[in-house]
Novice: 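Handing you this structure, nothing more for now.
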There are 2 protein chains.
Amino acid sequence: MDASPLKVVVIGAGFGGLEVAHRLARANVEILVIDQRNHHLFQPLLYQVATAALATSEIAWPIRHLLRRDRHTRTLLGTVTAIDKLAKTVTLADGATFPFDVLIVATGARHAYFGHDEWEPHAPGLKTLEDATTIRRRLLTAFERAERESDPARQAALLTFVIVGAGPTGVELAGTIAELAHNTLPSDFRNFDSRRARVLLVEAGPRVLANFRPELSEYSRRALEKLGVEVVTGRAVSRVDAEGVTLGEEHIPAATVIWAAGVQASPAALWLDVPADRAGRVKVEPDLTVPGAPDIFVIGDTAMVMSNGAPVPGVAPAAKQQGRHVAQTILARLKGDRAPRPFHYRHQGSLATIGRRAAVVDFGRIRLTGGIAWWTWGLAHIFFLIGVRNRLAVALNWLWIHSSGSRSARLITQRETPASTQEPVDKRA
Amino acid sequence: MDASPLKVVVIGAGFGGLEVAHRLARANVEILVIDQRNHHLFQPLLYQVATAALATSEIAWPIRHLLRRDRHTRTLLGTVTAIDKLAKTVTLADGATFPFDVLIVATGARHAYFGHDEWEPHAPGLKTLEDATTIRRRLLTAFERAERESDPARQAALLTFVIVGAGPTGVELAGTIAELAHNTLPSDFRNFDSRRARVLLVEAGPRVLANFRPELSEYSRRALEKLGVEVVTGRAVSRVDAEGVTLGEEHIPAATVIWAAGVQASPAALWLDVPADRAGRVKVEPDLTVPGAPDIFVIGDTAMVMSNGAPVPGVAPAAKQQGRHVAQTILARLKGDRAPRPFHYRHQGSLATIGRRAAVVDFGRIRLTGGIAWWTWGLAHIFFLIGVRNRLAVALNWLWIHSSGSRSARLITQRETPASTQEPVDKRA
């Protein structure tokens, strides 16, 4: 009998991948976690880095530090370029090859431009720390340039911020940018009143926060408008360029456009040579395995799977539940039980904030709005943040922002990268 | 009689420039502060950002936020390219021109390679936030690459860190990198023992911390060696390349080399067409004015001035004292008193830390070493940090690092910039 440990390779150290690694840490397995970045990122708070409320190190942690106590787990910084299903190996960009007995693909998603990749340089999305610092830099630089601009039309364009897509990320960005302009910055500038800044939230669908109940959407729209956000629903963006956005026939001059409208899964389906849905997600079996490859699992934003008659949403709790499910499946197999175990998603609720006074919480039967929803949202996020120190730092920062209206992380670092050296759209491990 | 306010232009919002602006805020003047960056940087703690102990936002603050209450002060993000002494104007890179009645040049210094600028790509210096994140990325990436390296010689080179120059910055970098390798990282890696990492501190002069008393230098050398740093004095670097450093005949393979050996003032002397010393500093009159241009002051690291028979050192307290002196001179002139007022430097002491247990403090008659010196150093720096929130956050971070040995800011962000797009050496406003 062969007692050598099972080789488990996990690609991607997001919520799903880390969950698998943690739950297998004490089993008779050897785990290798591969990621393109050295850090796990708490994506739900990324918009706060983009809007200068939090520092990057407050929502990200070195992967190998998170896994340091799991002695049978190794972490590698590397970019996967191929998976060989038959030979059961993973190949990295530098040619190194790693064998696996079981593979978990948890490589996440990037923002997508619906076939208009030429819009990306003008409308960055928000998925990585670099995305967040890019948006922060553009946001703050627009105000700096407005201070020096004497032409009223150009100054107005510099003070126009368009957020495309009114899901939770778009709503959260619009709310915090409006607060930044209306509450934090007014005393900083001399040549314009930052309260004149226009913040537009553009949504092609009929309402904001389409995944929430209609009455919560309606509440959110009103809360956004109270913050000074112009909410435009039912109109799709037909063009984005250096001058601004076009909605149907109307051109809106804007120096800053942020994309929060769509995502595209990482190229896992190409690596695995299996069918994908329109968003590039691998259509997995009910037990999250790849069709015809029972030792390869795909989870999180990279997977398309149905549960209770609906597709499982691309949110952190779903990825974590899938990670736990896969770990349990592997543990059962180690005991000789190879019966298929279908995954069932348990929806725990939807949360979104609107600035720093209001939020909406949709727990199904329980729905909350306003201040109480904001605190529920805040506590839920602090609770889920990994690492005591970061909980303290984030809590301290929020208390500070709440009591003073100040934003401490308002730094322009990095410089704009020349277009020729820009990274390709898909960068996930 | 002309009562229109005096136009004061300050180039550079470091310690000196900000001090001038603050102290003139209530006078009948119009102040314009120009800087290439949007933030004031607390340079004495920059090495902590480079070694992943602090986040960038904990030691930097938006300039216009620091000056927001001074209603007659404007802040501009811009790069100065020329000064016209006769027309009394300052020109920015975009061609914009600003007139002044009084000009204060406080543009700081960059690291210098003693005529070997080709060393810079291999041995980054530490003057800006970008420098710090560059060094942090290289440091952490070296460990990541060592984890994947199977060749023992190449792995040893990846685990060799050479710091050139044993002034306070070099000593502080060497101490914290040794601690990072020996205390923080050992449990993170599987393929090597990070305690095997070599940290070399190379100094051409006869001792470390040459500006301190010899017994404090000796104490510092022993404290560094206790942390595992190899201190090499009396040997100059003859070459730096992608493979490592050469000391005389000896080649030391090293993936990470950090430059802390010399500084070069910003090109203010060229703008002003006046004599400079070897380090590029403008030789100012005893009252800090430019020879032949009594309405132009040069202060801080950009100025070369004697006081009490010795050159004033390029440290933050000296820049602040000069800023205060210039403000007082301008206030006196506003009252009609144009008598020259020579600047006298008051040395308040020298401080340097060696890791997180020891430090040396040289107050002249009072000299401290060890833990008490560390706490003196820590309190002095927290006291000088601007902004309550940052004091709290820095204190919290330090407490955390002390109690846990963890480093929270261990993130690799940004990517290496291709050589063709690298910034020129001198970037200060």
Side-chain angles (χ1 to χ4, degrees), chain A residues 37-39 52 54-58 60-62 64-65 67-69 71 73-78 92 94 96 128-130 133 140-141 143-145 147-148 184-185 187-191 387-390 392-393 396-397 400 404 406-415 417-418 420-421 423, chain B residues 37-39 52 54-58 60-62 64-65 67-69 71 73-78 94 96 128-130 133 140-141 143-145 147-148 184-191 387-390 392-393 396-397 400 404 406-415 417-418 420-421 423:
Chain A
R37 319 247 163 202
N38 87 323
H39 50 268
L54 292 179
T56 50
S57 56
E58 286 165 333
W61 308 269
R64 60 174 71 261
H65 193 69
L67 298 171
R68 71 194 178 283
R69 294 210 181 84
R71 304 303 305 180
T73 305
R74 289 194 305 140
T75 307
L76 270 195
L77 182 68
L92 303 191
D94 62 2
T128 68
L129 281 186
E130 286 86 354
T133 49
L140 299 176
T141 304
F143 285 104
E144 293 291 337
R145 287 168 60 202
E147 177 79 348
R148 292 195 47 193
T184 310
L185 295 181
S187 59
D188 279 15
F189 295 93
R190 303 286 178 267
N191 291 343
V388 176
R389 179 256 166 204
N390 278 286
L392 280 174
L396 186 72
N397 243 325
W400 176 253
S404 73
S406 175
R407 280 165 190 271
S408 55
R410 227 157 66 230
L411 306 177
I412 303 176
T413 53
Q414 298 174 266
R415 294 175 174 242
T417 316
S420 60
T421 64
E423 301 173 7
Chain B
R37 319 246 163 202
N38 88 322
H39 49 268
L54 293 178
T56 50
S57 57
E58 285 165 334
W61 308 269
R64 62 173 71 259
H65 193 69
L67 299 171
R68 71 193 178 283
R69 293 208 182 84
R71 305 304 304 181
T73 306
R74 288 192 306 139
T75 307
L76 268 195
L77 183 68
D94 62 2
T128 67
L129 280 186
E130 285 85 356
T133 48
L140 299 176
T141 304
F143 285 104
E144 294 291 337
R145 287 169 59 201
E147 177 80 348
R148 294 195 45 192
T184 310
L185 295 180
S187 60
D188 279 15
F189 295 94
R190 302 287 179 265
N191 291 344
V388 176
R389 179 257 166 203
N390 277 285
L392 281 174
L396 185 73
N397 241 325
W400 175 254
S404 72
S406 174
R407 279 164 191 276
S408 55
R410 227 156 67 231
L411 305 178
I412 304 176
T413 53
Q414 299 173 268
R415 297 181 171 235
T417 316
S420 60
T421 65
E423 301 170 5

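Remember, predicted model here, so these are calculated numbers, not experimental data. What's counted below: heavy atoms across the whole structure, side chains too, no hydrogens, waters or symmetry copies. Just so we're on the same page: letters track the sequence lines, and every chain starts at 1.
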Novice: Rounded to the nearest 0.5 Å, how far apart are OG of S187(A) and CZ of R71(B)?
Specialist: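 Going from OG on S187(A) over to CZ on R71(B), the span is 7.0 Å.
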
Novice: Taking the side chain as every heavy atom from C-beta outward, state whether R148(B) and L92(A) have any pair of such atoms under 4.5 Å apart.
Specialist: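 Side-chain contact under 4.5 Å: yes.
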
Novice: Check N38(A) against E144(B) and note the closest heavy-atom contact, atom names and distance.
Specialist: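 In terms of heavy atoms, the two residues are closest at CB-OE2, 4.2 Å.
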
Novice: Could you tell me which portion of R74(B) (side chain, backbone, both or neither) has an atom closer than 4.5 angstrom to a non-hydrogen atom of chain A?
Specialist: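 R74(B) touches chain A through backbone and side-chain heavy atoms alike.
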
Novice: Determine the minimum heavy-atom distance between R64(B) and D188(A), stating which atoms define it.
Specialist: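 Minimum heavy-atom separation between R64(B) and D188(A): NH1-O, 3.2 Å.
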
Novice: Restricting to side chain to side chain contact (heavy atoms under 4.5 Å, CB included), what partner residues turn up for R145(B), sequence neighbours left out?
Specialist: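 Side chain to side chain contact (heavy atoms under 4.5 Å, CB included) check on R145(B) returns T141(B), L158(B).
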
Novice: Supply the atom-to-atom distance H65(A) NE2 to T184(B) OG1, rounded to the nearest 0.5 angstrom.
Specialist: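 H65(A) NE2 to T184(B) OG1: 8.5 Å, rounded to 0.5 Å.
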
Novice: For the atom pair CZ (R190(B)) and CG (L67(A)), what is the distance rounded to the nearest 0.5 Å?
Specialist: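 Answer for the CZ-CG pair, R190(B) versus L67(A), is 8.0 Å.
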
